[in-house]
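Hydrogens, waters and symmetry mates play no part in the numbers below; they use all other heavy atoms, side chains included. Just so you know, these numbers come straight off a predicted model, no measurement behind them. Proteins come first, then strands; the chains are lettered A, B, ... in the order of their sequence lines, and each starts at number 1.
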Protein chains: 2
Amino acid sequence: MDEALLLDNQLCFPLYACARRVVGKYTPFLKPLNLTYTQYIVFLVLWEQKTASVRELCRRLYLDSGTLTPVLKKMESEGYLTRERSAEDERVVTVSLTEAGLAMKEKARDIPMKVGACLKLGEEEAKMLYMLLYQVLKETED
Amino acid sequence: MDEALLLDNQLCFPLYACARRVVGKYTPFLKPLNLTYTQYIVFLVLWEQKTASVRELCRRLYLDSGTLTPVLKKMESEGYLTRERSAEDERVVTVSLTEAGLAMKEKARDIPMKVGACLKLGEEEAKMLYMLLYQVLKETED
DNA sequence: AGCAATTAAATTGTATCAAATTAAATTTCT
DNA sequence: AGAAATTTAATTTGATACAATTTAATTGCT
């Protein structure tokens, strides 16, 4: 028998399933705000720094421009942010939060707490999981 | 400041990014076999048990029929499996591996090892991560 | 200065995903 | 038995993802 090929022996599998499950836990809280998960994580960055290039967003969110561009355009059309070519370097598109985008922060304030409650992980376990995930992200760079 | 809204404080985020990253590590090994990751995990189940209902596949893979049906049809059209209505209960579709599907197992044999090498996690860490992920999957059921 | 290499976004094509709906079969209840 | 409820798949719809390509701008090299 091929132990290595057993579904339950593959680390990738629970990782993949778990990510979809946890992202899904956000849906009931995001839906009333008319936000998707991807839009939400874009907001998380912009609530921190208010302005970012598309490149920076891609890097921080581990997403590529092919994914983010349409999401950003949608958010722009909904009035949550603006997209402008940089004057110094016209390749760069700078994304900036609008007042409406900033206002959304209040409505989303309690989401992390609510989702956290769904996970039922102890503090130590959450910290450990967090650490291991970032370790994998770091080790698999490039 | 809103600590909870910081991107780096959200467990969901590295989980989501990490899952996509690790799935991406399979691509270079799956592409020569002309397989996608989803097709690969369907194979993982079928290499174990040769036959499964769509329902069983959905449950084991944490995917729903909306995702699996087109994948299974594609794999059927490529000759890797068959789909048949059960005689006893015609709601049930039974998926069965063909010879070609079984033969694929040989070609995929070394994939777990190759991908595992990319992750660079120690045995203890891998075990811990694995355990925590399954714990989250269990705690977030229903 | 001028060309090559690089970089940033956007575009295109393929493959997922999940939620909601539909349709058919089966089970349960009376 | 027959209606109602449940179950299983399939379908439809909307939003992602990523790879590969394209376009335009900038940088590096000579």
Could you tell me the separation between the [atom1] atom of [X] and the [atom2] atom of [N], rounded to a whole number of Å?
X: B:Y26; N: C:dT16; atom1: OH; atom2: P; result: 15 Å
X: A:L33; N: D:dA15; atom1: CG; atom2: P; result: 16 Å
X: A:E76; N: C:dA10; atom1: CD; atom2: C1'; result: 14 Å
X: B:N34; N: C:dT14; atom1: CG; atom2: C1'; result: 12 Å
X: B:L30; N: D:dA19; atom1: CG; atom2: P; result: 13 Å
X: B:K25; N: D:dA19; atom1: NZ; atom2: P; result: 10 Å
X: B:Q39; N: C:dT14; atom1: CD; atom2: P; result: 14 Å
X: B:E88; N: C:dT27; atom1: CD; atom2: P; result: 11 Å

Worksheet item: Which is true for A:L68 with a 4.0 Å heavy-atom rule: it touches a base, it touches only sugar-phosphate, or it touches nothing?
Response: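 If one applies the 4.0 Å heavy-atom cut-off, A:L68 turns out to touch nothing in the nucleic acid.
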Item to complete: May I ask you to verify if any side-chain N or O of A:K31 is less than 4.0 angstrom from the OP1 or OP2 atom of D:dA15?
Response: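 A:K31 to D:dA15 OP1/OP2: no side-chain N or O under 4.0 Å.
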Worksheet item: Taking only N and O in the side chain of A:T38, is any of them less than 4.0 Å away from OP1 or OP2 of D:dT16?
Response: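 So the side chain of A:T38 is within the cut-off, an N or O lying under 4.0 Å from OP1 or OP2 of D:dT16.
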Mark yes or no for whether [X], through its side chain, and [Y], through its backbone, hold a donor-acceptor pair below 3.5 Å.
X: A:R20; Y: B:Y62; value: yes
X: A:K25; Y: B:T140; value: yes
X: B:R83; Y: B:T94; value: no
X: A:T27; Y: A:G24; value: yes

Sub-3.5 Å pairs of nitrogen or oxygen atoms, protein against nucleotides 7-11 of chain D:
| unit_1 | atom_1 | unit_2 | atom_2 | d |
| --- | --- | --- | --- | --- |
| D:dT7 | O2 | B:R91 | NH1 | 2.8 |
| D:dT8 | OP1 | B:R55 | NE | 3.3 |
| D:dT8 | OP2 | B:R55 | NH1 | 3.3 |
| D:dA9 | OP1 | B:R55 | N | 3.4 |
| D:dA9 | OP2 | B:R55 | N | 2.8 |
| D:dA10 | OP1 | B:R83 | NH2 | 2.8 |
| D:dA10 | OP2 | B:T69 | OG1 | 3.0 |
| D:dA10 | N7 | B:S65 | OG | 2.8 |
| D:dT11 | OP2 | B:K73 | NZ | 2.5 |

Worksheet item: Given that A:K74 and B:G24 both sit by DNA chain D, which one's nearest nucleotide is further toward the 5' end?
Response: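 Its nucleotide being nearer the 5' end, the pick is A:K74.
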Fill in: DNA chain D: 5'-proximal contact among A:I41 and A:E90 (nearest heavy atom)
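Nearest-nucleotide comparison on DNA chain D picks A:I41.
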Worksheet item: Taking atom CD of A:E99 as the centre, does the number of heavy atoms from other residues, nucleotides or ligands within less than 6.0 Å exceed 12?
Response: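 Check fails, neighbour count at 12 or below.
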Worksheet item: Side-chain heavy atoms under 4.5 angstrom apart, residues restricted to Ile, Leu, Val, Met, Phe, Trp, Tyr: same cluster for A:V95 and A:V92?
Response: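 No; tracing contacts between hydrophobic side chains, which count when under 4.5 Å, never links both residues.
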Worksheet entry | Check: A:F43 ring centroid to A:Y80 ring centroid under 6.0 Å |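 That pair passes the under 6.0 Å test.
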